[in-house]
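Sequential numbering from 1 along the given sequence is applied to the chain's residues. This is a predicted model, so every value here is computed, not measured.
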Amino acid sequence: MIVDFDPFSAEFFEDPREIYRRLRDDAPVYFSDRYGDGFYALSRYDDVVAAHKDWATFSSSHGIDLSLMAQDPNDIASYRSLIMMDPPSHDRFRSLVNRVFTPAAIKGLEPMVRQVIGDHLDALGGRTEFDAVAEFSGPFPVEIISVMLGVPREDRQQIRHWLDLALTRRIGEMHPSREGLAAATSMGAYFYELSVAKRSSPADDLMSRLTQVTVTRDDGEFTGLDDAEIAGFAALLAGAGAETVTKLVGNAFVLFDRNPSQWHKVLDDRSRAAPAVEEILRYLPPSQYQGRYSLRETRFRDDVVPAGFPVLLVTGAATRDERFFERPDDFDIDRPASHALGFGLGVHSCLGAALARLESRIVIEEMAQRWPSFAVDHDGLRRVAMSNVAGYSNVPVSVAPG
């Protein structure tokens with residue numbers, strides 16, 4: 001069977017499940033010459049996991065999407081972004097931010113997270129109809145990460161709008177639009193200027209602390225971070241903090257509506273909110289694929305990925321692989337603890353995974369408390385067309401308050 005996998009097609013943006021099945025069955029090591037010099041895609045669970053763990057072969061240093069990987073690697077290096085580094089530089093820089101995302105630190109954020117989520121739910125004013133993404137899961141996550149970074153209140157939602165523009169793709173185009181490029185530039189400039197301001201007038205926030213830390217460079221020199229590096233950290237954290245939870249919560253509404261027996265499990269036992277988050281991550285991961293660049297030839301059974309090509313690690317296909325998961329197409333929040341890849345794996349696993357899990361768990365608990373009965377208007381569902389990020393831009397719901 002001929003398989004056509006186009007990560008910028010209308011079919012992919014709308015629902016890639018059938019494409020993924022064909023990839024796993026008929027082209028688990030897939031090649032397309034559609035964009036640039038071509039790209040490979042891995043779709044089976046074991047292959048995707050192996051590639052995630054082998055950063056020395058499947059590198060992040062050329063960028064993490066097809067648009068970036070088509071650029072000069074020297075330009076990518078000049079961005080000095082953590083997500084586009086490999087060890088040892090990656091490890092040294094990541095250790096700075098890891099201090100903020102320790103389990104104890106995340107647990108300490110729970111009162112603030114509950115407050116922000118509660119405030120956004122209260123702002124719905126007891127309405128029985130609203131858009132769960134546009135009016136709720138879109139606005140609140142960027143508020144939480146912005147509080148941590150030290151972004152002024154009046155600027156926080158602008159960051160979300162810049163991110164949406166930068167990630168959006170037109171059908172059949174791997175590069176961002178002119179508006180998307182302008183948005184990415186504006187966001188980078190904003191965080192650079194904010195870093196300069198924090199350096200001169202530090203406060204009790206992450207960006208201020210980053211102006212005061214030091215790091216060992218590749219040449220052994222011991223220096224502080226400059227404002228461009230801090231801006232890169234901030235943009236990365238803002239993007240991950242805003243987009244992932246937005247999509248995960250939207251997916252939660254849709255999946256629980258389609259699987260009412262699973263929703264009743266949460267209503268009966270709120271402790272099931274945490275495993276529900278894991279199953280949502282497996283079933284509809286907000287990040288459907290992660291881009292890497294092959295630095296050396298690698299064999300997968302009878303197929304070879306040569307050196308010198310972009311490779312997409314297709315998480316969304318891997319976590320439905322019947323070779324690894326029992327009943328992969330069943331949404332089951334009582335599924336035994338699995339190996340979901342929704343937050344990546346290996347050295348580049350998501351920095352903010354614990355925070356995203358905390359936010360998503362609290363939302364599900366609040367949903368159960370406030371709206372034991374709700375319904376999604378499936379005719380009104382709208383999906384995003386974005387690079388690396390998948391989910392809904394609109395999830396209209398009607399609720400029956402508890």
Side-chain angles (χ1 to χ4, degrees), residues 63-65 67-68 71 75-85 93-94 96-97 100-101 109 112-113 116 120 134 137-169 175-213 215 224-247 286-287 350-352 355-356 359 384 386-389 393:
I64 40 77
D65 66 20
S67 177
L68 290 168
Q71 297 181 29
D75 292 339
I76 301 301
S78 71
Y79 298 158
R80 290 181 290 178
S81 173
L82 175 66
I83 202 172
M84 292 183 279
M85 294 178 182
F93 277 75
R94 179 162 177 144
L96 300 175
V97 188
V100 180
F101 290 97
L109 292 172
M112 181 271 286
V113 172
V116 171
H120 279 75
S137 76
F140 88 76
V142 74
E143 293 283 339
I144 291 171
I145 195 65
S146 293
V147 169
M148 296 176 63
L149 288 169
V151 176
R153 184 183 301 275
E154 64 271 16
D155 297 335
R156 294 171 186 170
Q157 293 304 312
Q158 178 61 65
I159 291 169
R160 174 170 65 97
H161 298 312
W162 279 330
L163 285 165
D164 284 348
L165 282 170
L167 291 171
T168 294
R169 297 292 186 268
H175 296 296
S177 66
R178 185 179 303 173
E179 295 81 7
L181 288 171
T185 300
S186 295
M187 186 170 68
Y190 173 83
F191 279 121
Y192 183 90
E193 293 170 3
L194 186 58
S195 178
V196 172
K198 297 288 185 182
R199 194 180 296 278
S200 63
S201 300
D204 184 17
D205 56 58
L206 176 54
M207 285 191 71
S208 295
R209 288 193 287 277
L210 288 174
T211 66
Q212 300 164 30
V213 300
V215 63
L225 298 177
D226 63 33
D227 293 312
E229 289 167 329
I230 294 171
F233 269 121
L236 171 62
L237 293 173
E243 288 294 340
T244 300
V245 176
T246 292
K247 304 306 184 287
S287 177
C350 178
L351 271 171
L355 177 60
E359 292 178 38
V384 299
M386 290 181 168
S387 175
N388 294 66
V389 179
S393 60

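- Contacts classified as salt bridge (Lys or Arg N to Asp or Glu O under 4.0 Å) and involving residues 181-192 (residues at least two apart or in different chains) are not found.
- In terms of the salt bridge (Lys or Arg N to Asp or Glu O under 4.0 Å) criterion, residue partners of D204 (sequence neighbours excluded) are, by chain and number, R209.
- Applying the side chain to side chain donor-acceptor pair (under 3.5 Å) criterion to S67, with sequence neighbours excluded, gives H175.
- Checked against side chain to side chain donor-acceptor pair (under 3.5 Å), E359 has no partners two or more places apart in sequence or in another chain.
- Listed by chain and number, the residues in a ring pair (Phe, Tyr, Trp, His ring centres under 6.0 Å) with F140 are F136 (sequence neighbours excluded).
- The side-chain contact (heavy atoms from CB on, under 4.5 Å) search around A166 returns A184, not counting sequence neighbours.
- Among pairs with a residue in residues 182-196, none fulfils salt bridge (Lys or Arg N to Asp or Glu O under 4.0 Å), at least two apart in sequence or across chains.
- Listed by first then second residue, pairs satisfying salt bridge (Lys or Arg N to Asp or Glu O under 4.0 Å) with a partner in residues 144-154 number zero, not counting sequence neighbours.
- The backbone N or O of A242 lies less than 3.5 Å from no partner atom in the side chain of R160, so there is not a single donor-acceptor pair.
- T185 meets the side-chain contact (heavy atoms from CB on, under 4.5 Å) test with no other residue; sequence neighbours excluded.
- Residues that satisfy the side chain to side chain donor-acceptor pair (under 3.5 Å) test with D227, not counting sequence neighbours, are S195, R199.
- Residues that satisfy the side chain to side chain donor-acceptor pair (under 3.5 Å) test with S137, not counting sequence neighbours, are absent from this structure.
- In this structure, the ring pair (Phe, Tyr, Trp, His ring centres under 6.0 Å) partners of Y190, at least two apart in sequence or on a different chain, are W162.
- The line from CG of L210 to CG of D226 is 11.5 Å long, rounded to the nearest 0.5 Å.
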